[in-house]
Q: 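Sharing a structure below in structure tokens format, with a few things to ask.
Naming: A, B, ... by sequence-line order, numbering from 1 per chain.
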Protein chains: 2
Amino acid sequence: MSAHRPRVVILGGGFGGVYTALELERALGRRDDFEIALVNRENYFVFQPMLPEVISGSIGLTDVVNPLRELLPRTELHVRDVESVDLDARRVTTSPGFRPHAHHLAYDHLVLALGNVTDFRGLPGLPEHARPFKNLGDALGLRNHVIRALEEAAVEQDDPELRRELLTFVVAGGGFSGVEVVAELNDFVRAAARRYRGLDPAELRVVLLHSQARILPEMDERLALFAQRLLQRRGVELRLQTRLQAASGHEALLAGGERIATRTLVSTVPALAHPLIESLPLPKSKNNKLVTQPHLAVAGRDDVWALGDCAQVLMPDGTPAPPTAQHATRQAAVVAHNVVAALRGGRRRIFDFKGLGTMGSLGHRSAVAQVFGFALSGFLAWWLWRTVYLLKMPGWGRRLKVATSWTLDLFLPPELVGLRFAGSRGISREHYEPGEHVFRAGDLGDRLYIILAGEAEVLRAGAQGEQVVARLVAGQSFGEMALLNQTTRNASVRCARSLDVLSLPKQEFAVLAAHLPELRQSFERLAAEREAAGGAREGHDAH
Amino acid sequence: MSAHRPRVVILGGGFGGVYTALELERALGRRDDFEIALVNRENYFVFQPMLPEVISGSIGLTDVVNPLRELLPRTELHVRDVESVDLDARRVTTSPGFRPHAHHLAYDHLVLALGNVTDFRGLPGLPEHARPFKNLGDALGLRNHVIRALEEAAVEQDDPELRRELLTFVVAGGGFSGVEVVAELNDFVRAAARRYRGLDPAELRVVLLHSQARILPEMDERLALFAQRLLQRRGVELRLQTRLQAASGHEALLAGGERIATRTLVSTVPALAHPLIESLPLPKSKNNKLVTQPHLAVAGRDDVWALGDCAQVLMPDGTPAPPTAQHATRQAAVVAHNVVAALRGGRRRIFDFKGLGTMGSLGHRSAVAQVFGFALSGFLAWWLWRTVYLLKMPGWGRRLKVATSWTLDLFLPPELVGLRFAGSRGISREHYEPGEHVFRAGDLGDRLYIILAGEAEVLRAGAQGEQVVARLVAGQSFGEMALLNQTTRNASVRCARSLDVLSLPKQEFAVLAAHLPELRQSFERLAAEREAAGGAREGHDAH
């Protein structure tokens, strides 16, 4: 191909990508006849099965991850996003780091192991208000948000509605991921609430939504029912055959119209194909996964390979391999073997792994497992779960740290430190459902809103109570008066028809208005118009 | 005062505030005759002396902090910012949490323990580009930034200038805080660099800037010189009698004109009074600290108390007490005693603590200490340092965790996990010094810039190399073309006169432009004008 050593470029640092690199490093040996490069957003490998434990902080916040450089000493690591792939030129473009110039990475073999992404498009309000649970940032973000909700509820003694929202936690999705998240979240908030004066654990509500008749569809019915009983005994409210339909900042909307008031909504569904996979001109299955040949090259190619959650890999019985770590690591061994065979010559292998079993943690020293035909539940399954995963974790140092944390966790109280990073939300989108308030008269004016879709109504207190004095639709803005004059809201704004708004914090609006004269003038004009109209009609709208 | 029990409100959760609450809880005993409330931005107490260890991750990221609720079970905790204090109405207003309405907190006695803040105002570029080192967020932010710089340098093989910037780390301030930070930072980057392919530890440069003739002015000269030699032996470059004058995103400017190219600048000076203290109509010293009476009530008041770094407390010899934990905790005991005396009747105490000694860690098993007239340095001082602070840490669980981490750290490699939170900078201010590039032709167009002050020049490649084709001043913007058309920069922009800009990321600009017609129109008009002018004069300016 070139005078240089051929290069294998792997995209993605999950189980598929990392284990492919590990196997390639092993095959490289002393021959050192090819190069390995791996591109990943983060400089660490997330040991996904333990991610839910970050919520409770029962293991060190970074012990659940493994630095890629330590794991893969012979691989060139690019901590970047992948911008694009040119399949004809055999070149990957990565996004800029500290300086905005693009980097190119040529390959001889390309391994696509990009996994999937949580994508809430199509469900109103979910992109804005539901939290995914895919990576370490999501897990830490959820933990900190939950701690902040408890803190606020503890001092919020005179607003029962807000208190209820703050103390209700909803998880959507009853697969492994959702069940493990709800189990850890429930254990954590119930243990933590005991440490807050002014919080009664009986006020807590933890809800699991699942669209099917029972949770854990991947498992035996007996184990799934065991898990259901256990979660319920610990205080989790199970809502089966219930689908999440929409969300706002204050509530989860269920199909059928029921609303659950909450400020914490986690959704582990739906997982969609990685956007880069979507953009590649390669054959894809109905659910947008890359179609692979039995030796795991992408259909029709001999220099592009795919595995893990972004690939459709068929098992010996013709069914697609499930999206689990044990399958991804076995696929990685096949891909690495076949890439080496293509480079050095040799026979290729095909993927024919059938699976060993499945395990799921239920938190607090219980789990369910189905291994070699046996079904286990309770403490024994939990012990097995910990042991298997501890041994599967790469690196002795990490294992030692995790084992130590687990040991200390047995007798130390829950960790309640809430970390705030970056802090304020910048310019963001928000969604409101009919009847919800965006703000109320008397609130501090901390944001400006621009309506993207839907309808809002402005309410003022009059002789007959609050009355609608104006209606606002797409393209109109509100809330600017409080910002210009630094006062509190003089009217309330409520959602009339499913409302999408763009919201700008006071500080960012002030900076922009100060330096963009057109912007300032247009809001000053608007404010003056509204003031005049309001004076004439005794209060027209909400500033 | 009222039918209710009197309430003591403490503002600030550092050593002063937390130890006042601890002493008050102890005095409360079974009599339970008053209430204690504490307002703090975070829900944890930072054990400040160990904060630098977060940089290297040698102790767990959250082990350096202690949840306030665990520490203070009988205190009502408000995790809020303090908005204002009404001294006449005896009322504290805290800032909003999840819903934007203000909270009020009435007090009978107010304890001000707000500490100081790092404030870079008046030094060009420092507010935008220097990192403070005061709280856990700063420490974690620095750690993650340093890891990211190493990651980028490792893949940045063809831009030696950027590589040099990324691998140079500058700390300003040679007091305890600056010395401990530079010691940990130096140990960490040198240990970490060995794990990166493509990084040569010899390329690393760690610089300590100090304005005086020797570091650690708080200590004996002999110990300070020991510390200097030790830091130098480990590779820290000491720049004494050198003052930091300005900064940009790419360099530190020293008084005298020397420039050090760096992307990492930490400054532990100057510490100014907390803004709330500034705003209170109470007597203040020249350096804006609250003037206190010998029993620590603020001069002229008997219901407002002050201690720690926000107060000027005189020692028996008439000199101000230094800003250390040992003084703050002794002051806390005096304040608590006197508040209780005021509530229940009884004799007041005065503050007459002389100090026990001083200690500073130099990282990697060395320290300097000056205790009871003895001067210690090296391993023994380090052992003393660890033991004293371990015993001073509140809570056995925390002590156990820290002791375990320290033990594991003795034989485990450095922790390299870089966490990214929130990710992209939003709308931000940037500062450039003459000669620096804002961007270069060919770079990806990822931000729009508005000039706040100074002058920029636009450069285009011509027959005689790059030539200045336009000059831009305050109020003008640049970089918008690349955003509107999604292409790469067609010209370079360089700072001509000390330049302050407001920079908007592509994504936020796009969202704003899509929904604020005035904004979009004004940039479209500008782009059209520039295009026309550029066509006529063969390229007018930078888009």
Q: Whether A/E152 and B/R80 form a salt bridge (side-chain N of Lys/Arg under 4.0 Å from carboxylate O of Asp/Glu) is what I want to check.
A: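 So B/R80 pairs with A/E152 through a salt bridge.
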Q: So how far is it from A/E156 CD to B/H78 NE2, rounded to the nearest 0.5 Å?
A: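 One finds 10.5 Å between CD of A/E156 and NE2 of B/H78.
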Q: With a 4.5 angstrom heavy-atom cut-off, which part of A/T94 approaches chain B: side chain, backbone, both or neither?
A: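 Answer is neither: A/T94 stays 4.5 Å or more from chain B.
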Q: Are any non-hydrogen side-chain atoms of B/R148 and A/V79 less than 4.5 angstrom apart?
A: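 In short, these two side chains do not touch, never coming nearer than 4.5 Å.
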Q: With side chains defined as the heavy atoms from C-beta onward, is the minimum distance between B/N43 and A/Y196 less than 4.5 Å?
A: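 Yes, their side chains come closer than 4.5 Å.
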Q: If I compare all heavy atoms of A/R197 with all of B/T75, which pair ends up nearest, and what's the gap?
A: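 Where A/R197 meets B/T75 most closely, the heavy atoms are CD-O, 3.4 Å.
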Q: In chain order, what residues pass the side-chain hydrogen bond (donor to acceptor under 3.5 Å, both in side chains) check against A/D500, with sequence neighbours excluded?
A: A/H431
Q: Where do A/H103 and B/V155 come nearest, in terms of heavy atoms and distance?
A: CE1-O, 3.7 Å
Q: Does a salt bridge link B/E70 with A/R195, judged by any charged N lying under 4.0 Å from a carboxylate O?
A: yes
Q: Work out which heavy atom in A/R69 is nearest to a heavy atom in B/A154; give both atom names and the distance.
A: NH2-CB, 4.1 Å
Q: Go through the atoms of A/L166 and report whether side chain, backbone, both or neither lie under 4.5 Å from a heavy atom of chain B.
A: side chain
